[in-house]
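Accompanying notes for the structure given below.
The structure displayed is predicted, hence computed values, not measured ones. First listed ligand is number 1; within each ligand, the first listed atom is number 1.
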Amino acid sequence: MKCRRCNREAQVYLKSYNISLCKECFLELFKRKVLSTINKFSMFSFKDKILVAVSGGKDSLCLWDVLVDLGFNTEGLHINLEIENHSSSLEEIAKKFASKNNLKLRVINIKDVLGVDIKKASRISKREPCRICGMVKRYVINKEAEYFDCVVTGHNLDDESSNLLGNILQWKKGYLGRQAPLLEEYGSLRKKAKPLCFISELEILYYVSLKNIDYFPYVCPLSKGASSLFYKNIINQIEYRMPGTKLRFYKGFIEDKEVYIKKESKLELIPCQRCGYLTVNKICNFCKLKEKVEASSK
Ligand code: SF4
Ligand code: ZN
């Protein structure tokens, strides 16, 4: 199989685009795609300080690598969630990547901010681990990003399209209104961007393997039964039968969002009475959780 662009031996075949590419052309196209997403949504510029949320998995390491390659000014943030047989390896890999590439990485341990690990927090609050985990991560990242112009996460096309499917099936209009490649800064809530949102998990896998990036390949043990995995499985089955569907589905929604969802009236957010984080209630969810954790240890 020959590369469609240069006729060298191809190393990558992307069924959704029906295209074969050699290593060099694939990596070049990959970088260009990320840059065009950043520019299209005016996510950030070369002058900005960018905080990359780095888990140690393939998506966030791929994102950090591309942004560095493109010449952006980045720093990493890793949150150790203290999940048994999981979190310490992730931290180690994130640290290795940073030191190998001479990059700055901040590491925050969940027990230092919350007092307990995610599993225990989920038990105390009687809510699914992923819900608690997502909320805590958003809170910590936002706090750590105080002196940055933008926070970026490694959410990819598979994450975004499956999320979209789930939100449509349940008609979660609020989530649909906020589902976007870029969330602008709002008060103390930092600007958040997803530069990989049009890039599939498969393309990311090719990228990390062609660039020899070491990543943690196992799924989180707490994700068992999570609805996000169920929707991902469904959208992958559709993609298998009809290649290119994921991209058409997500892109179509983003480009014509106003046609499907009425422009959301801005949520009335007020500062949390405990910590100042913007929230819809008097006390934010993080402070409420912390209160429960403290009460449980008495
Ligand atoms: Fe957190 Fe759920 Fe992701 Fe595990 S799968 S890291 S619990 S959000
Ligand atoms: Zn608070």
Looking only at atom types and distance, does a side-chain atom of Asp159 sit under 3.5 Å from a main-chain N or O of Asn156, one as donor and one as acceptor?
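Here the side-chain-to-backbone pair exists.
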Counting N and O atoms only, with roles assigned by atom type, does the side chain of Asp69 sit under 3.5 Å from a partner on the main chain of Asp65, one being a donor and the other an acceptor?
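Checked: no pair found.
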If we ignore angles and hydrogens, is there a donor and acceptor under 3.5 Å between the side chains of Gln179 and Asn163?
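There is no such pair (donor and acceptor under 3.5 Å, judged by atom type) between the side chains of Gln179 and Asn163.
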Under 3.5 Å, is there a donor-acceptor pair between the Asn80 and Lys111 side chains?
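There is no such pair (donor and acceptor under 3.5 Å, judged by atom type) between the side chains of Asn80 and Lys111.
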Nearest 10° is fine: what angle sits at the Zn ion (ligand 2) between SG from Cys275 and SG from Cys287?
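So the angle at the metal works out to 110°.
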Taking the cut-offs as 6.0 angstrom to the six-membered ring centre and 45 degrees off its axis, would you call Lys15 and Tyr240 a cation-pi pair?
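Cation-pi check for Lys15 and Tyr240: passes.
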Would you mind telling me which of Glu185, Glu144, Glu184, Glu146 makes a side chain to side chain donor-acceptor pair (under 3.5 Å) with Arg190?
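The side chain to side chain donor-acceptor pair (under 3.5 Å) with Arg190 is passed solely by Glu185 among Glu185, Glu144, Glu184, Glu146.
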Only protein N/O/S atoms count here: give how many lie under 2.8 Å from atom 1 (Fe) of ligand 1.
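Of the protein's nitrogen, oxygen and sulfur atoms, 1 lie under 2.8 Å from atom 1 (Fe) of ligand 1.
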